[in-house]
Chemist: 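Below is one structure. I have some questions about it.
The chains referred to below are lettered A, B, ... by the order of the sequence lines, with proteins before strands, and numbering in each begins at 1. Just so you know, these numbers come straight off a predicted model, no measurement behind them.
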Amino acid sequence: MTDKAQQSDDLYRMRHSLAHIMAAAIQQLWPDVRFGVGPVIDNGFYYDVDLGEVKLSEDDFPKIETAMRAIIDANETFERSEKPIDEALAWAEQTHQPYKQELLNDLKRSGTTEASKLNPEELGTITSSDTQVVTVSFYRNGNFVDLCRGPHVESTGKVGAFKLNRVSGAYWRGNEKNAQLQRVHGVAFKTAEDLQDYLDMVEEAKKRDHRKLGQELDLFVFSDMVGSGLPMFTPRGTVLREELINFSNQLRQRDGFEKVHIPHITKKELYQASGHWDKFGDELFLVKSQETSDELVLKPMNCPHHTRIYASKQRSYRDLPIRYLEATTVYRDEKTGELAGLSRVRAITQDDSHVFCRQDQIEEEINHLMGAAHELYITVGMALRVRLSYRDDSEAYLGTPELWQSAQEQLKNAVIANKLEYFEEEGEAAFYGPKIDFMATDALGREHQLATVQLDFVQPERFGLEYIAEDGSSQQPVMIHCALMGSVERFLAVYIEHTAGKFPVWLAPEQIRFITVNQEEATVAFAKKIAIEGRELGLRLQVDNSNESVGKKIRTAELAKVPYTIVIGDKEVTSGEVVPRIRKDMAVMDIPMTVGAEQFLKTVANEAKSRVLKTSL
RNA sequence: GCCGACGUAGCUCAGUUGGUCAGAGCGGCUGUUUUGUAAACAGCGGGCCGUGGGUUCGAAUCCCUCCGUCGGCUCCA
């Protein structure tokens, strides 16, 4: 999202002016163009245009850019003027700009005080005065006039470096029921160097793209015969999944969570009872029984099943909290255009858990979960901050205000106790309870929402969950949903890009590779012997005794991003000592040291066990 | 789902004004070589040019359908 505060005022003006210049250029080329909005965004700007039957493509960029440069070279002055809104409406009508007209009408209807609520950043064109009469501003350069809130630079020559980079569809005012306009994007910076730096950064991000690395490192695959959004994990990718899931489980099992297991299909009645049938509606995959009249669905979530386990017998306050843990896959029929690599899939594995507890136990339970999340993200090397989402004053929330108040306080206390950076937002809670979202920052500075802790006052009610309290009365427990990674697939997408595929030893699909110098019997036998010793220590390792040069085999191991590579030749066979080659991002010393083979294996096994981020060799 | 771009060997990609256009590099296989820390040498295989239709004397090339991928929109874990 655009944040003007994060961009310097100069840069903001340049980008805004460029959007305006691009609009002028497009109008030169296609005089019938009707304009939507043209705001500044991160790194650049865009303008939404309606060209009727004309479909823009990247092939059109050169001529648009040429027309833009002509305007820039002419160094035309931007002239700002203000008009009363009715005059502006007349202008919009006369110049055949229906979208501008709509904006102006909305503005007129809503009046001055309301104008600020229209999110002028998005509309990009509105200004309002403090008087009761709303005026709007126009900018003119040369023959081109545009309704625009500005601000602009003084003249078209002062706009810095830019490049058009993308064209896409965008619904008018973000509503899919509206007409679809074409959105032309550009990136813009003060200098050509800044622009180049940005383009280089984009290039670097492309190299780290998890879809590319997933193929290069042999982690996961898709098949047309299986379907879109349905990834399959290779042996290497499965190591990553399982190590992460094991860790996520361990972090909660030490706090008393117990694993459960549920089936992946269920009668739709379950979701009718939970209320999800209405909420998920067309996202559900339907399953038809050929033997019975059952109407089944693939589960889109796990909590209703877990409530059935809870409700399978009578619970006492002494039994609480009851904590269920299960990494399992849910299925959601996403719109095809939304699927993307592992970030957005139709088979979603959640490292899910549910606590059923008394109201006075919320804080301690949250406390445990926060601690677990904190440890997970420290271990994978991502900075974490949390968002506390509270209710607001509206009536849209279920559960008593007292319960909300108490729960929100307990959430906050737990966050403070865990010394996490946090911010609070009212009105962001789900209708069924307040929540904590964890925002993790990756190596490229991008923030991702992965883990969530969500309180739920509604499902216990809907499913009639209860426990017998100390005084013999029947009470309703509170449910706490939590997924530390969120979804394993999305987490992996983020994590693969975060590490660029250079996984730490505990996660590396292949931790050590032994490379033989020759195919002599003694050499191969020695390599195989220590490989067996390593596997006995739980290490994942391979012996490469292919008939290739040592250089070639080193290169292959490097490209596979194997943490440790060891060349085995006569020297090693004779001495029993090895010289580990340490992957460059991990190396802590320049000179490789010599170490006894057995000692080396034990050291690596310890690194894996303790999940260290970098090598200690 | 919508708008746009795209789909050629396992991978990365050439080849499209319709007519020796089925190509390269890497990978694979075979042989020679026995290699010491980022690419030894030679040979050989390998593709219904995403799918199904259409136009044409002739389609990887033009048109339509479907499937899939990518960039956005919308939605979301």
Side-chain angles (χ1 to χ4, degrees), chain A residues 41 46 48 50-51 54-60 165-185 206 209 211-212 215-216 218 221-230 279-280 282-283 300-302 329-330 332-352 437-438 448-452 454 481 483-491 493-494 513 515-520 523-524 545-560 565-572 579-584 592:
Chain A
I41 52 172
Y46 69 77
D48 285 349
D50 182 346
L51 292 173
V54 179
K55 299 300 172 202
L56 291 177
S57 75
E58 299 198 0
D59 299 338
D60 296 310
N165 65 335
R166 182 176 295 149
V167 59
S168 61
Y171 298 108
W172 169 235
R173 310 192 83 168
N175 186 332
E176 67 181 313
K177 292 191 175 64
N178 286 342
Q180 194 156 33
L181 310 184
Q182 299 186 72
R183 177 167 294 179
V184 187
H185 293 256
K206 268 190 204 161
D209 189 308
R211 293 165 293 201
K212 183 169 138 70
Q215 184 183 66
E216 287 174 4
D218 189 22
V221 295
F222 290 89
S223 159
D224 284 4
M225 291 178 79
V226 174
S228 63
L230 300 170
K279 181 182 182 301
F280 276 86
D282 52 7
E283 269 189 50
M301 67 234 326
N302 312 308
T329 308
V330 298
R332 299 182 190 173
D333 197 1
E334 304 282 355
K335 293 175 182 173
T336 53
E338 293 167 352
L339 302 172
L342 292 184
S343 335
R344 206 57 192 277
V345 295
R346 295 199 288 180
I348 307 154
T349 308
Q350 299 177 320
D351 58 332
D352 211 358
D437 288 316
F438 295 75
H448 307 270
Q449 197 237 296
L450 297 167
T452 310
Q454 169 80 59
H481 310 256
L484 294 182
M485 289 188 277
S487 97
V488 178
E489 290 79 17
R490 176 178 281 186
F491 183 90
V494 170
R513 183 174 297 187
I515 289 174
T516 56
V517 172
N518 54 44
Q519 274 74 54
E520 308 285 336
T523 314
V524 176
N545 67 343
S546 59
N547 182 7
E548 296 286 351
S549 67
V550 170
K552 176 68 169 291
K553 291 198 272 191
I554 293 280
R555 178 181 153 80
T556 307
E558 285 278 350
L559 291 174
T565 308
I566 293 192
V567 176
I568 303 288
D570 293 344
K571 279 184 278 184
E572 287 72 21
V579 182
R581 182 187 167 98
I582 304 168
R583 199 179 62 205
K584 287 186 184 65

Chemist: Could you pick out which residue, A:R332 or A:Q215, lies toward the 5' side of RNA chain B when each is mapped onto its nearest nucleotide?
Modeler: A:Q215
Chemist: What is the pairing partner of B:rC57, taking Watson-Crick or G-U wobble pairs with both distances under 3.5 Å in any strand?
Modeler: B:rG19
Chemist: Can you tell me how far C1' in B:rG47 sits from the matching atom in B:rG28, rounded to whole Å?
Modeler: 15 Å
Chemist: Quote, to the nearest angstrom, the P distance that separates B:rC63 from B:rA5.
Modeler: 11 Å
Chemist: Side chain of A:K335 only, please: which of B:rC75, B:rG36, B:rG1 is the nearest?
Modeler: B:rG1
Chemist: Between B:rA42 and B:rA38, how far apart are the two P atoms, rounded to whole Å?
Modeler: 23 Å
Chemist: May I ask you to decide if A:S228's main-chain N or O and A:R346's side chain share a donor-acceptor pair within less than 3.5 Å?
Modeler: yes
Chemist: Please encode protein proximity along nucleotides 40-45 of chain B as a string of B, S and -, counting only heavy-atom distances under 4.0 Å.
Modeler: S-----
Chemist: Considering every strand shown, what is the Watson-Crick or G-U wobble mate of B:rC41 when both distances are under 3.5 Å?
Modeler: B:rG31
Chemist: So, is A:R183 close to the B:rG71 phosphate, meaning a side-chain N or O under 4.0 Å from OP1 or OP2?
Modeler: no
Chemist: Please report the distance separating the P of B:rC66 from the corresponding atom of B:rA9, rounded so that it comes out in whole Å.
Modeler: 24 Å
Chemist: Classify A:Q449 by what it touches in the nucleic acid, base, sugar-phosphate, or nothing, heavy-atom distance under 4.0 Å.
Modeler: sugar-phosphate
Chemist: May I ask you to say what A:K571 touches in the nucleic acid, namely base, sugar-phosphate or nothing, with a heavy-atom cut-off under 4.0 Å?
Modeler: base
Chemist: Any donor-acceptor pair under 3.5 Å between the side chain of A:E334 and the base of B:rA77?
Modeler: yes
Chemist: Would you indicate what A:E572 reaches in the nucleic acid, counting non-hydrogen atoms under 4.0 angstrom: base, sugar-phosphate, or nothing?
Modeler: base
Chemist: First locate atom CZ of A:R344, then atom CD of A:E338, and finally report the distance between them rounded to the nearest 0.5 Å.
Modeler: 5.0 Å
Chemist: What's A:Q182 touching, base or sugar-phosphate or nothing? Going by heavy atoms closer than 4.0 Å.
Modeler: nothing
Chemist: Give the nucleotide from the list B:rC73, B:rG36, B:rG4 with an atom nearest to the side chain of A:D570.
Modeler: B:rG36
Chemist: Counting any heavy atom closer than 4.0 Å, what does A:E338 reach on the DNA or RNA strands: base, sugar-phosphate only, or nothing?
Modeler: base
Chemist: Please state the C1' separation for the pair B:rA22 and B:rA60 - nearest whole angstrom.
Modeler: 9 Å
Chemist: Does A:P300 offer a backbone N or O that forms a donor-acceptor pair with the side chain of A:R332 under 3.5 Å?
Modeler: yes
Chemist: From the list B:rU34, B:rG36, B:rC76, which nucleotide is the closest neighbour of the side chain of A:R344?
Modeler: B:rC76
Chemist: Per the salt bridge (Lys or Arg N to Asp or Glu O under 4.0 Å) rule, which among A:R583, A:R581, A:R513 passes with A:E558?
Modeler: A:R581
Chemist: Could you measure between the two P atoms, the one in B:rU30 and the one in B:rU37, and give it in whole Å?
Modeler: 27 Å
Chemist: Quick one: is B:rG4 close enough that its OP1 or OP2 comes under 4.0 Å of any side-chain N or O from A:S168?
Modeler: no
Chemist: Would you indicate what A:S228 reaches in the nucleic acid, counting non-hydrogen atoms under 4.0 angstrom: base, sugar-phosphate, or nothing?
Modeler: sugar-phosphate
Chemist: For A:L342 and A:G229, find the nucleotide of RNA chain B closest to each by heavy atoms; which residue's nucleotide sits nearer the 5' end?
Modeler: A:G229
Chemist: In whole Å, what is the span from the CZ atom of A:R555 to the P atom of B:rG27?
Modeler: 8 Å
Chemist: Can you tell me if A:R211 touches the phosphate of B:rC70, counting only side-chain N or O atoms and a distance under 4.0 Å to OP1 or OP2?
Modeler: yes
Chemist: Reckon A:V330 touches a base, only the sugar-phosphate, or nothing at all at heavy-atom distances under 4.0 Å?
Modeler: nothing
Chemist: Donor-acceptor pair under 3.5 Å: do we get one between A:R166's side chain and the base of B:rC70?
Modeler: no
Chemist: Take atom P in B:rG52 and the same atom in B:rG68, then report the distance between them in whole Å.
Modeler: 16 Å
Chemist: Between A:R583 and B:rU37, is there a contact of a side-chain N or O with OP1 or OP2 at under 4.0 Å?
Modeler: no
Chemist: Counting only Watson-Crick pairs (N1-N3 plus N6-O4 or O6-N4) and G-U wobbles (N1-O2, O6-N3), all under 3.5 Å, who is the partner of B:rC73?
Modeler: B:rG1
Chemist: I need the NE2-C1' distance between A:H448 and B:rA77, as an integer number of Å.
Modeler: 14 Å
Chemist: Got a donor-acceptor pair under 3.5 Å from the side chain of A:Y171 to the base of B:rG72?
Modeler: no
Chemist: Is there a donor-acceptor pair under 3.5 Å between the side chain of A:T556 and the backbone N or O of A:K552?
Modeler: yes
Chemist: Name all residues meeting the side chain to side chain donor-acceptor pair (under 3.5 Å) criterion together with A:K212; count only those two or more places apart in sequence or in a different chain, and write none if there are none.
Modeler: A:E216
Chemist: Do the side chain of A:N545 and the main chain of A:T516 share a donor and acceptor less than 3.5 angstrom apart?
Modeler: no
Chemist: Can you tell me the base-pairing partner of B:rG7? Count Watson-Crick or G-U wobble geometry only, both distances below 3.5 Å, and say none if there is no partner.
Modeler: B:rC67
Chemist: Do A:E520 and B:rU34 have a side chain to base donor-acceptor pair shorter than 3.5 Å?
Modeler: no
Chemist: So what's B:rU51 paired with, Watson-Crick or G-U wobble, going by both distances under 3.5 Å?
Modeler: none
Chemist: Counting heavy atoms from C-beta on, name the nucleotide in B:rU37, B:rU69, B:rG4 closest to the side chain of A:V567.
Modeler: B:rU37
Chemist: For the C1' atoms, the ones on B:rU51 and on B:rU32, what distance do you get once it is rounded to whole angstrom?
Modeler: 45 Å
Chemist: With a 4.5 Å limit on heavy-atom distance, are the side chains of A:V567 and A:V579 in contact?
Modeler: no
